[in-house]
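Here is how names work: the chains are called A, B, and so on, in the same order as the sequence lines, proteins then strands, and each is numbered from 1.
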Number of protein chains: 4
Amino acid sequence: MLGPRIWASVRQGLDRALFRNMGSWTSGEGKKVDISGIYPPVTTPFTATKEVDYGKLEENLHKLGTFPFRGFVVQGSTGEFPFLTSIERLEVVSRVRQVMSKERLLLAGSGCESTQATVEMTVSMAQVGADAAMVVTPSYYRGRMDSAALIHHYTKVADLSPIPVVLYSVPANTGLDLPVDAVVTLSQHPNIVGMKDSGGDVTRIGLIVHKTRKQDFQVLAGSVGFLLASYAVGAVGGICALANVLGAQVCQLERLCLTGQWEDAQKLQHRLIEPNVAVTRRFGIPGLKKTMDWFGYYGGPCRAPLLELSPTEEEALRVDFSSNGWL
Amino acid sequence: MLGPRIWASVRQGLDRALFRNMGSWTSGEGKKVDISGIYPPVTTPFTATKEVDYGKLEENLHKLGTFPFRGFVVQGSTGEFPFLTSIERLEVVSRVRQVMSKERLLLAGSGCESTQATVEMTVSMAQVGADAAMVVTPSYYRGRMDSAALIHHYTKVADLSPIPVVLYSVPANTGLDLPVDAVVTLSQHPNIVGMKDSGGDVTRIGLIVHKTRKQDFQVLAGSVGFLLASYAVGAVGGICALANVLGAQVCQLERLCLTGQWEDAQKLQHRLIEPNVAVTRRFGIPGLKKTMDWFGYYGGPCRAPLLELSPTEEEALRVDFSSNGWL
Amino acid sequence: MLGPRIWASVRQGLDRALFRNMGSWTSGEGKKVDISGIYPPVTTPFTATKEVDYGKLEENLHKLGTFPFRGFVVQGSTGEFPFLTSIERLEVVSRVRQVMSKERLLLAGSGCESTQATVEMTVSMAQVGADAAMVVTPSYYRGRMDSAALIHHYTKVADLSPIPVVLYSVPANTGLDLPVDAVVTLSQHPNIVGMKDSGGDVTRIGLIVHKTRKQDFQVLAGSVGFLLASYAVGAVGGICALANVLGAQVCQLERLCLTGQWEDAQKLQHRLIEPNVAVTRRFGIPGLKKTMDWFGYYGGPCRAPLLELSPTEEEALRVDFSSNGWL
Amino acid sequence: MLGPRIWASVRQGLDRALFRNMGSWTSGEGKKVDISGIYPPVTTPFTATKEVDYGKLEENLHKLGTFPFRGFVVQGSTGEFPFLTSIERLEVVSRVRQVMSKERLLLAGSGCESTQATVEMTVSMAQVGADAAMVVTPSYYRGRMDSAALIHHYTKVADLSPIPVVLYSVPANTGLDLPVDAVVTLSQHPNIVGMKDSGGDVTRIGLIVHKTRKQDFQVLAGSVGFLLASYAVGAVGGICALANVLGAQVCQLERLCLTGQWEDAQKLQHRLIEPNVAVTRRFGIPGLKKTMDWFGYYGGPCRAPLLELSPTEEEALRVDFSSNGWL
């Protein structure tokens, strides 16, 4: 549970008192963290009445803890963060921090629509134990979110964040691709360490790796569907929803890529594409949570307006796993 | 200012205590409000340090109050609602309520991503004086926001709302069109009174009017750019960003349409298209606020990440008004 | 049938001999034709073996001839022109010319991907009796089809065409909107008389009417779905696929609009939207031809790859007509 | 030059006499050709008056012939095929056939909008010497081009083609992705040997390789931008516009991939992305032809409506090559 001190500061945050005259944070010695590796973006378990179920969250983490993940992403798109209150977002991160090993990295999603709210949430995420902040592009006014606006936004956030910042581009949810030129500019910021790119365009990923090669900047694939290909063009890991159910396999794919066993990697990659599409684009978080129930984790319900799968959808989901040998 | 009682209830709302065992609200006698007419979606003025400037808000409302608007929309997309805290959203509505005439309608934007948060915000908006709630489609998980999910969402909100609900579809911001079949189903709900459609597809607007003709359901155009055409196919008014600066002209266009003076209406409509595009799609809220400064209102800055116009953009904005005879 | 002289010139056209040193055509005295009114874009009937069935074409035209259309569009998108050889395109136009009254206008689709081929086809269309050429935007290289390229294209075609040119923008087929600024520039060409806009964005139509008001330039709605709204913003007619089956009703809608009977117009407009969507966007030409069979015309098959409707689709098509009182 | 016999048959083709009662072609013994390797999609050189310049075509081919390409693609999108007459399309293929080594493969683009025209063009391409036909998806009526329609189309073409068929999906030009389920079905046809996928979605490419693994079906990347990644997921080659100017480098990238030198491959891949974007999506064929002029080939003008680059564009093009060390 959040301690009273943090609760207080969070509430103050909501009152916007905390950051009034705040100067630029210094993030230690500007030392950059190495974010390479595989991360499951953990789901937020809910009870039947749709309360956050912290007990189930801990159980899931214990099971996930048996795989060689680099860490966990909390409050990514898979975590239903837009459906949580600010306090729930922080509490979930706080709980995950307490449960997980100190050797692993906790990347916390802290993006909000306004720059100010994003700064506040990022600082709060640091306070509750996040190692780095993963900041999704603001998108409601996407017609005005050009490179200049996005560079301004991320620069402000990175200037004020006590922890390193990871850019997060997820066009399926935001309708917006963080432009390559903005990424290149932002890669030069001492407190921006990398990017999660969920768009699936590996030409773009290759170009970003190429154009940031003189910076200490790391790119993570946003999905296992193009993980092998991303490694091939220079990405250093992935944040993969499917790792919530097929953690061993995703880690194995990483190992095969890192050790240059490309043929075996390709075979494994192939068998992960359909299950991955099923738990992301096709059936979304309700699909992933249903699958978690099958694989011994707690999936449970989503918050509305995300609906449960229909029986037809559930059957199609099952086929996407069974036809690839996973069920 | 929000009184202590309301503040308390709002905070409780955030704690999710309020609605635990809440039954279905009865919205008076289910009497439907007539929402026909013109509304400016008011901007949220900020000080130089980006605090909400309630004094300027009141000044703007006094000036806008001289036009025969049906009412005001507060916390629409034009109001930068995604950049406000929950408390700011309510406080702004509360202030507007205090300033504006009781004869006019106050439509308050209360949409959030989760159904639960939307219900809470809607109830709170009613508590601070909104006459109706305008509820934008949730959109972050748009891949799963099919008709079933959206019908479920709006039904829940309308069931629990003490005030009538207006559906709000704005694909430029959400990447999502509320499907016609969902609108038709929802039009049968006793507490859903109409819709704001900002997509600009008048074929769709005509079809919605046609297929809801047996219901007590009203459609408002979401922009002055297609206001005349919307009247022609059966809409009953509009929520028009441009009315923040050309209020007299937008009301005149309404009058010409309602009195069947289509030729004059057409001429006036023509001259409003470019200025309207300029303060919406082209230059967004920064463009509208800049124009407000020109027209004797307080525009002021936007919250980040919305940036001010560049000098080149400002010049183009000016041309869009001057070439149509408005500057 | 095409006479031997025209056949010869057409063949020469294919050999690109005809236009080598051709100067600019003078289109009579540059007299502009008045294209206002309603046009069905006629379908191309095929026999069971997919040959053009000229007899059925004539029969359809005789029946369509009983309505007060301004003329006929031949080789529009509805005419399956991309599936016809150059010679078939010309032969069909030639036959229609012979059958139809001289008082009516024959607008012939003459667009091709290359400027040169479009010029040749336009000249040939004039030779076989077209009153004006309707020229669709080239689109295969749409990434390079900016305003400059399109202005260049249409200027060349209009310079060399012996008959007036009508611009044709149909984004559903081309993935390309002819930009407003290009339309405004082109409206100043003495041999460009107007535009067919099938995009359905009446804000855009209003803006085009407004910005070309000093030119002798006419806009036609590309579909009956937004015909009333288009009249309301200044269009002067429509090219309406649905007029192939509900010709009387489309002409009645025109009359109601022109005589200012907006209420009756609105009611009629409403009942035409779903049938129109059914024979255009939803079920395409196979849907239209199926409906023609129901309404006493010859519809018949389409050329492949357009497939016949499935029984389920056919049933849905029927409902779209019957639920609006047309079947 | 086309001999009189072929000319005659081509003309007959246009008259649609040839294929009236044609049964299913037998493509030899149904022996499938191995299409793996690198191909430049050759440009069509034009004289200053925009005639096909067969002499320059031959010169370019002689220069390209020094690289270890598997063969040449003629009449791909890069070949401006939509701007050529049917006879020019065949004549160009005929000339290329005469010039190029018999050991190399000639893939000829034979796609048209109608199934019938595509069959005729495919047969004619075989007659003038093509080893395989590359058939782009028809797209003008893309609203009806679902899997059923496309399966019907390609099956018909493959049934009647005397040479193997390669599917061709290029959404940037057609606005249409050949659906994966259609590809899987079509991969079972004995006369369909593979696919060129220009969409750049390697997840999709991986899935296609996976789901056609029991067939004798090969996938070629449609661009060098994602060539390495495509090899990584199981593609066997590429049809790469950039190979028209950096042929040695593209072949070197192939070799590095095939020999498992992934690190060097990655470095080379990175340096090819920007030049490739420049000669495809960004500046199109005018960009490629301009670059060909720089690299000792004949580029020359494009046919209208493709315009030459502006000086600003040309400078940006140059930077895309020089900043990667190619100029």
Self-check item: Passing option when A:L207 is tested against D:H270, D:E274, D:Q269 for side chain to side chain contact (heavy atoms under 4.5 Å, CB included)
Solution: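 Of all the options given, the one that passes is D:E274.
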Practice problem: With a 4.5 angstrom heavy-atom cut-off, could you sort out which part of D:N276 is near chain A: side chain, backbone, both or neither? | Solution: neither
Exercise. Give the minimum heavy-atom separation between A:G225 and D:T203, together with the two atoms involved.
Key: O-OG1, 3.5 Å
Practice problem: State whether the number of non-hydrogen atoms from other residues, nucleotides or ligands found under 6.0 Å of D:R281 atom CZ is greater than 12. | Solution: no
Practice problem: Step through the shown structure and confirm whether more than 12 heavy atoms of other residues, nucleotides or ligands are within 6.0 Å of CD on A:E263. | Solution: no
Quiz item: Which bit of A:K211 comes within less than 4.5 Å of chain D, counting heavy atoms only: side chain, backbone, both or neither?
Solution: side chain
Quiz prompt | Engaged part of A:R271 at the chain D interface, taking heavy atoms whose separation is under 4.5 Å | solution = both
Quiz item: So which of D:S230, D:G206, D:G199 has the biggest tally of heavy-atom pairs under 4.5 Å with chain A?
Solution: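 Highest number of heavy-atom pairs under 4.5 Å: D:G206.
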Quiz item: Which one, D:A232, D:G260, D:S223, D:G200, leads in non-hydrogen pairs under 4.5 Å with chain A?
Solution: D:A232
Quiz item: D:I273 versus A:H210: any side-chain heavy-atom pair under 4.5 Å?
Solution: no
